[in-house]
Amino acid sequence: MTARTMSDAELSGFVRDVPDYPNDGIMFKDITGLLVDPKALSEAVERLAALVPDDVDLVSGMEARGFIVGAALAFRLGVGFVPVRKAGKLPPPTRSLTYGLEYGEATVEIREGTVPAGARVMLVDDVLATGGTAAAGAELLEQLGAEVVGLAFLLELEGLGGRERLAGRSVSTVLLAGS
Ligand SMILES: O=P(O)(O)OC[C@H]1O[C@H](OP(=O)(O)OP(=O)(O)O)[C@H](O)[C@@H]1O
Ligand SMILES: Nc1ncnc2[nH]cnc12
């Protein structure tokens, strides 16, 4: 495993807090500064890689920021990447799952045939907040026959119930942040 080159505080320093975005009362965690800095990006991907069991077959990531960290992680691990897309972006055949958000609902999709039955899949995203997005991604992967061996996030927002929503699953995070 590659040694850490940054402390938690240094890596966290690349994440920008944006108050009242996209709605009043939301403290948005903007990871753009982390992505644009080569050392911070490398540190983040190495830390994510350290959270992944040895024998995964695939990494999967949630659109859109989960594609960035997930595809980098898949490349780092030498495995393929399965995108979990928002509704209406993938050509058929697809499998969809609609899930509840804090207000309203959303639908995610995976292209059928991308996940071999029994594949050991690590699901990745940038942020764990309420956990609804990741729970839907994991459930959809399982409907397609995958074994979801774990979920890894760059940033966990405490106090929003994400851990509880993913109870029973193996959840790990690189950084913790107040919400
Ligand atoms: O734990 P939850 O409450 O479900 O929230 C976490 C999700 O919210 C953000 O995605 P967003 O829908 O903002 O889309 P984006 O990645 O396209 O910006 C983030 O990238 C996660 O996917
Ligand atoms: N506060 C937040 N910042 C960034 N991404 C998010 N996804 C859900 N909540 C978020």
Side-chain angles (χ1 to χ4, degrees), residues 8-9 11-37 40-41 44-45 47-48 51-52 58-74 81-90 94-111 114-115 121-144 146 148 150-179:
D8 286 358
L11 188 58
S12 295
F14 288 91
V15 179
R16 188 172 66 111
D17 281 359
V18 185
D20 298 320
Y21 181 87
N23 300 318
D24 283 355
I26 302 290
M27 180 61 77
F28 189 82
K29 303 288 180 178
D30 177 15
I31 65 163
T32 312
L34 182 153
L35 298 174
V36 84
D37 184 278
L41 179 59
V45 174
R47 286 187 184 215
L48 282 169
L51 303 176
V52 180
L58 292 164
V59 170
S60 183
M62 309 301 303
E63 184 172 0
R65 286 172 266 152
F67 288 1
I68 304 170
V69 289
L73 177 63
F81 177 76
V82 176
V84 185
R85 298 219 61 174
K86 291 175 177 166
K89 300 284 186 179
L90 283 171
T94 57
R95 178 73 72 94
S96 307
L97 183 74
T98 297
Y99 62 101
L101 296 169
E102 271 181 291
Y103 303 105
E105 55 184 32
T107 300
V108 287
E109 296 183 340
I110 299 178
R111 217 207 66 209
T114 51
V115 185
V121 178
M122 190 77 189
L123 181 59
V124 182
D125 208 345
D126 66 327
V127 170
L128 171 61
T130 67
T133 305
E139 194 181 326
L140 189 53
L141 285 162
E142 287 168 348
Q143 284 185 13
L144 288 165
V148 178
L151 297 92
F153 302 88
L154 199 49
L155 194 59
E156 176 178 350
L157 305 187
E158 294 178 292
L160 295 179
R163 288 263 169 185
E164 293 74 15
R165 184 85 177 254
L166 298 172
R169 297 191 179 278
S170 173
V171 176
S172 47
T173 53
V174 170
L175 297 169
L176 281 176
S179 56

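Every number for a ligand or one of its atoms is a count from 1 in the order of the listing. All residue numbers refer to positions in the sequence shown, counting from 1. Bear in mind the structure is a predicted one, so any value in this text is a computation, not a measurement.
With a 4.0 Å cut-off on non-hydrogen atoms, Thr133 touches ligand 1 through its backbone as well as its side chain.
Minimum heavy-atom separation, Phe81 to Gly61: CE1-N, 3.3 Å. Asp20 and Gly25 make their closest contact through OD1-N, 2.7 Å (heavy atoms, listed as atom of the first residue, atom of the second, distance). In plain terms, the two heavy atoms of Val121 and Ala146 that are nearest each other are CG2-CB, 3.7 Å. Minimum interatomic distance between Ala138 and Leu123 (heavy atoms only, all atoms of both residues): N-CD2, 3.5 Å.
Of the protein's heavy atoms, Thr130 OG1, 2.5 Å lies nearest to atom 3 (O) of ligand 1. Scanning the protein heavy atoms around atom 8 (C) of ligand 2, the nearest turns out to be Ala129 CB, 3.6 Å. Of all protein heavy atoms, the one closest to atom 21 (C) of ligand 1 is Asp125 OD2, 3.2 Å. Protein heavy atom closest to atom 20 (O) of ligand 1, with residue, atom name and distance, is Asp126 OD1, 2.6 Å. At the shortest separation from atom 7 (N) of ligand 2 among protein heavy atoms lies Val127 CG1, 3.9 Å. Of all protein heavy atoms, the one closest to atom 9 (C) of ligand 1 is Arg65 NH2, 3.3 Å. Closest to atom 1 (O) of ligand 1, if we only count protein heavy atoms, is Gly131 N, 2.8 Å. Looking from atom 3 (N) of ligand 2 to the surrounding protein, the closest heavy atom is Lys29 N, 2.9 Å. Looking only at heavy atoms of the protein, atom 1 (N) of ligand 2 is closest to Met27 O, 2.9 Å.
Contact atoms of ligand 2 toward Arg65: 4 (C), 5 (N) (distance under 4.0 Å to a heavy atom of the residue). Heavy-atom proximity to Leu157, at under 4.0 Å, picks out these atoms of ligand 2: 1 (N), 2 (C), 10 (C). Close contacts between ligand 1 and Val127 involve ligand atoms 6 (C), 21 (C) [criterion: under 4.0 Å to a heavy atom]. Against a heavy-atom cut-off of under 4.0 Å, Phe28 is close to the following atoms of ligand 2: 1 (N), 3 (N), 4 (C), 5 (N).
A salt bridge links Lys29 to Asp17: one of the charged nitrogens lies within less than 4.0 Å of a carboxylate oxygen. Salt-bridge check for Arg85 with Glu63: passed, with a basic side-chain N closer than 4.0 Å to an acidic carboxylate O. The pair Asp30-Arg65 fails the salt-bridge criterion, with no side-chain N (NZ, NE, NH1 or NH2) lying under 4.0 Å from an Asp/Glu carboxylate O.
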Evaluate the side-chain contact (heavy atoms from CB on, under 4.5 Å) criterion for residues Val18 and Met27: first the C-alpha distance (whole Å), next the side-chain angles of each, then the deciding distance (0.1 Å), finally the verdict. CA-CA 6 Å; Val18 185; Met27 180 61 77; 5.8 Å; no

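Remark: the Thr107 side chain and the Ser96 side chain contain no N/O donor-acceptor pair separated by less than 3.5 Å.
At least one heavy atom of Gly132 sits less than 4.0 Å from an atom of ligand 1. Using a non-hydrogen distance threshold of 4.0 Å, Ala134 does not register as a contact of ligand 1.
Among Lys86, Glu156, Arg165, the residue whose heavy atom lies closest to atom 14 (O) of ligand 1 is Lys86.
Atoms CG and CD, from Leu140 and Glu109 in turn, are 8.5 Å apart once rounded to the nearest 0.5 Å. If you take CE on Met62 and CZ on Phe153, they are separated by 9.0 Å, rounding to the nearest 0.5 Å.
Of the polar atoms of Ala129, at least one N or O is found under 3.5 Å from an N or O of ligand 1, judged by distance alone.
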